[in-house]
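Some notes on the structure that comes next.
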Number of protein chains: 2
Amino acid sequence: MARVTISDVARRANVSKTAVSFAFNSPGQLSPDTRDRILHIAGELGYRPDPVARTMTTKRTGSIGLLLPQAVHTAFANPFYPLVIEGISSVCDAHEYSLLLVSPVRGSVEEALGRAAVDGFISIGMDEAELPISHILRREMPVVLVDAGDREGETPRVNISDRVGARECARHLLELGHRDVLVVAIQSYDETRPLQGVPFERLSGYQQAFEQAGIPWREDRVFFARPTREAGREVVLAAMRKGSYTAVLAMADILALGAYDAAQHLGMRIPCDISIAGFDDLPIAGLLHPPLTTVAQPVREKGARAATLLIRSLQDGPGGSEVLETQLCVRGSTGPPRSAM
Amino acid sequence: MARVTISDVARRANVSKTAVSFAFNSPGQLSPDTRDRILHIAGELGYRPDPVARTMTTKRTGSIGLLLPQAVHTAFANPFYPLVIEGISSVCDAHEYSLLLVSPVRGSVEEALGRAAVDGFISIGMDEAELPISHILRREMPVVLVDAGDREGETPRVNISDRVGARECARHLLELGHRDVLVVAIQSYDETRPLQGVPFERLSGYQQAFEQAGIPWREDRVFFARPTREAGREVVLAAMRKGSYTAVLAMADILALGAYDAAQHLGMRIPCDISIAGFDDLPIAGLLHPPLTTVAQPVREKGARAATLLIRSLQDGPGGSEVLETQLCVRGSTGPPRSAM
DNA sequence: CTGTTAGCGCGTTCAT
DNA sequence: ATGAACGCGCTAACAG
């Protein structure tokens, strides 16, 4: 049997389609008994308004899109993403929105954008300058940018104080006496673009700390890796083969975890032989042994704020931006370098 | 300015709407030059077919719904979920489907179901007997059930050998000499229903091991907790207050992690004072200290298979079911009880 | 006040 | 390469 439509119900109840629609959406327009009769028949027939047809006229899908710069399974290699989603969802849930995970189709974010039937987007890690965003704007859909860099812009966004957090973390290592610091930076999803957004901010923070401490910043000690445990491990191993370091300054906890793997592989002990610091303060940071020194950022909160901003702008038009604070968490994975002990 | 529609393009190009549609969907129907002209104008105007209107006629949304029995942010407290999603998404991505996270609306899964504009559903942790599923079936949408218990049923499903895995894990503890075993079971999202599905299977497995070892099974040593780290911790603390145990048999790694927390809180050392075993073999299992003895299941694979099954049935009609294997992973968190040392 | 008629929204598709 | 009908539910205008 084919799907039960509003017409089926109308026919069966000897009323017009309008009446059926009213029974569901404007109960007041109908006399209680016809209303009940319609509802009853609808229930019997198992009628459910088709969400797509409904959207056609209401212009509302009831879902919001989460725009990722990579495939979901790639992004999720970093527990950061599920965590932001937790935050987003907690708000979506309260407002009865569903979340659509939108990742590039055949490499094209735009293509994916065009296909998504949503009321608005939350974008993670993409900058306003990127084509896709301009596409959303053209479609005149509300957007909130998360981790897009703190450039002033018309587009509402939620960021954290990346630069400050990174700076404090680097300063911490330098103050411990480290001079040979391996920086593991997040490789952008698009390697061809100049460094910007979050990776850029954090790198700038690191650099600032070096400058303020009067220690030369060495580009050749910056290595890039996609934010996965494996990539972190490999890049650290590669770097260690070429140079000698007393500390690893990783731009993400998941990269720091990779560094732990590398250290273990090399028989180096943390923090005696090598200090390691991360960024994010994901739940895993506290599970590691020794616990990871890292920069705490309110990940869930970030997601929640973004969702709140978006949902609000769905009702009242575009809202503002927010910057959340970071905080250095010194734990067991960092200590003075061997030479200084 | 309002959204650019197909009519705008048609007008501007002096062709019919049909021609514009052809230019995008059946390029062969048009002479190359009109086709190019249309496409060019469409590009200029920034025209993108409205995904909703498109769905109206094609009956295809390009997304599949992931049906969760709880709010996303609740479910994600267990890293198991992001991991299944990784698996699902890897397949969805390859087939250009997006994933819609669908969780109950005001407590009603059905309500959420009715609103979701998707081509099919993957349901996690809900049984066929549950109302919502029957609703999908009425809507005649393809569904694949994950972790729904291995009852024979017409609905395609992907399961693992929960019972066997659980049995082997319990047997392991019993063979080590444990007699006072605290069982931490997963509390179903719906406490009113009789135990079934995955929790039931695993519990049966535990019970079997006791029976086969000739050791009395004690219901009063089974405690239920929602699958979160915090709930695991609390329930173990509560149990420990009332009784004395040498081992914890947790139905999920995340609950085992909670047990670690409890052990630490109580000043108990693992495995000397207390042995702990989990289920799932999530990445965190290997990060814990000592590493967690657990039952490995191919979580990503499970998601991937489910997605494959669903997408196939989207094309060729309903497919079969699959059961994946589990494997006991003995690691440092289990050892002989004190008394037997 | 209760209920109907008619047309819309946007892109696809059949017959011509 | 076109015009018209269609999908499904919503709603403005209108009649009893």
Side-chain angles (χ1 to χ4, degrees), chain A residues 1-42 45-62 114-119 138-141, chain B residues 1-42 45-62 114-119 138-141:
Chain A
M1 67 183 173
R3 223 193 142 183
V4 181
T5 77
I6 199 172
S7 305
D8 298 322
V9 180
R11 199 163 337 162
R12 195 85 156 52
N14 280 316
V15 292
S16 66
K17 293 192 299 172
T18 311
V20 180
S21 180
F22 281 166
F24 283 89
N25 307 313
S26 320
Q29 305 287 88
L30 258 42
S31 76
D33 52 337
T34 46
R35 193 191 74 101
D36 289 348
R37 191 164 50 86
I38 294 175
L39 254 28
H40 181 247
I41 291 181
L45 267 46
Y47 167 69
R48 316 241 50 166
D50 181 323
V52 180
R54 200 147 204 265
T55 299
M56 270 301 279
T57 58
T58 60
K59 295 300 174 200
R60 209 182 154 280
T61 63
R115 300 191 188 183
V118 297
D119 296 333
R138 194 182 295 172
R139 215 172 124 182
E140 296 195 325
M141 255 194 205
Chain B
M1 66 181 174
R3 233 202 130 175
V4 181
T5 76
I6 200 172
S7 305
D8 297 323
V9 180
R11 201 164 341 175
R12 196 84 156 53
N14 280 316
V15 292
S16 65
K17 293 192 300 173
T18 311
V20 180
S21 180
F22 282 165
F24 282 88
N25 307 313
S26 320
Q29 304 288 79
L30 258 42
S31 78
D33 51 337
T34 44
R35 195 193 73 101
D36 290 347
R37 192 163 49 86
I38 293 175
L39 254 27
H40 181 247
I41 291 181
L45 266 44
Y47 167 69
R48 315 242 49 166
D50 181 324
V52 179
R54 199 144 205 266
T55 299
M56 269 299 279
T57 58
T58 60
K59 295 299 174 201
R60 207 181 156 284
T61 63
R115 300 191 188 183
V118 297
D119 296 333
R138 194 181 295 172
R139 216 172 121 180
E140 295 195 325
M141 256 193 204

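Just so we're on the same page: letters track the sequence lines, and every chain starts at 1.
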Comparing Ser26(A) with Ala19(B), nearest DNA chain D nucleotide closer to 5' gives the residue Ala19(B)

Within the structure shown, what part of the strands sits under 4.0 Å from Thr5(A) by heavy-atom distance: base, sugar-phosphate, or nothing? sugar-phosphate

dC10(D) OP1/OP2 closer than 4.0 Å to side-chain N/O of Arg54(A): yes

In whole angstrom, what separates Arg3(B)'s CZ from dC10(C)'s C1'? 9 Å

Would you indicate, yes or no, if dT12(C) has its OP1 or OP2 atom less than 4.0 angstrom from a side-chain nitrogen or oxygen of Thr18(B)? no

Could you tell me if the side chain of Arg37(B) sits less than 4.5 Å from the side chain of Val15(B), heavy atoms only? yes

For Asp33(A) and Met56(B), take the nucleotide of DNA chain C holding the closest heavy atom to each; which residue's nucleotide lies nearer the 5' end? Asp33(A)

Spacing between Ile6(B) atom CD1 and dG9(C) atom C1', to the nearest angstrom: 13 Å

Whole-Å distance, Lys17(A) NZ to dT5(C) P, equals 11 Å

Classify Val20(A) by what it touches in the nucleic acid, base, sugar-phosphate, or nothing, heavy-atom distance under 4.0 Å. nothing

Nearest to the side chain of Thr58(B), heavy atoms from C-beta on, is which of dC10(C), dT12(C), dC10(D)? dT12(C)

Rounding to an integer number of Å, can you tell me how far Asp50(B) CG sits from dC8(C) P? 18 Å

I would like to know whether Arg54(A) and Asn25(A) meet side-chain contact (heavy atoms from CB on, under 4.5 Å); could you show each step before the answer? CA-CA 11 Å; Arg54(A) 200 147 204 265; Asn25(A) 307 313; 2.9 Å; yes

d(CD, Gln29(A); P, dA15(D)) in whole Å: 17 Å

Name the nucleic acid region contacted by Ser31(B), choosing base, sugar-phosphate or nothing; use a 4.0 angstrom heavy-atom cut-off, strictly under. sugar-phosphate

Tell me the interatomic distance from Lys59(A), atom NZ, to dG11(C), atom P, rounded to whole angstroms. 9 Å

Verify side-chain contact (heavy atoms from CB on, under 4.5 Å) between Asp50(B) and Thr5(B), making sure each step is shown before the conclusion. CA-CA 8 Å; Asp50(B) 181 324; Thr5(B) 76; over 6 Å; no

Do Lys17(B) and Ser21(B) have side chains that approach each other closer than 4.5 Å (heavy atoms only, starting at C-beta)? no

Rounded distance in Å - CZ (Phe22(A)) to C1' (dC10(D)): 9 Å

Double-helix bend of the helix from dC1(C)-dG16(D) to dT16(C)-dA1(D), axes at both ends from 5 pairs, round to 10°, gives 50°

Kindly say if Asn25(A) contacts the phosphate of dC10(D), meaning a side-chain N or O under 4.0 Å from OP1 or OP2. yes

Round to a whole Å and report the spacing from CD1 of Ile38(B) to P of dT12(C). 13 Å

Could you measure the distance from the OH atom of Tyr47(B) to the CG atom of Leu39(B)? Nearest 0.5 Å is fine. 11.0 Å

I want to check something: taking the side chain as every heavy atom from C-beta on, are Leu45(B) and Arg12(B) in contact at a cut-off of under 4.5 Å? yes

For Val52(B), answer base if it contacts any base atom (sugar-phosphate contacts may also be present), sugar-phosphate if it contacts only those atoms, and nothing otherwise; contact means non-hydrogen atoms under 4.0 Å. nothing

Thr57(A) side chain near dC10(D) phosphate (N/O to OP1/OP2, under 4.0 Å): no

Hey, does Ile6(A) have a side-chain heavy atom less than 4.5 Å from the side chain of Pro49(A)? no

Does a side-chain N or O of Thr34(A) approach OP1 or OP2 of dG3(C) to a distance below 4.0 Å, or not? yes

Thr34(B) and Ser31(B) side chains, donor-acceptor separation under 3.5 Å: yes

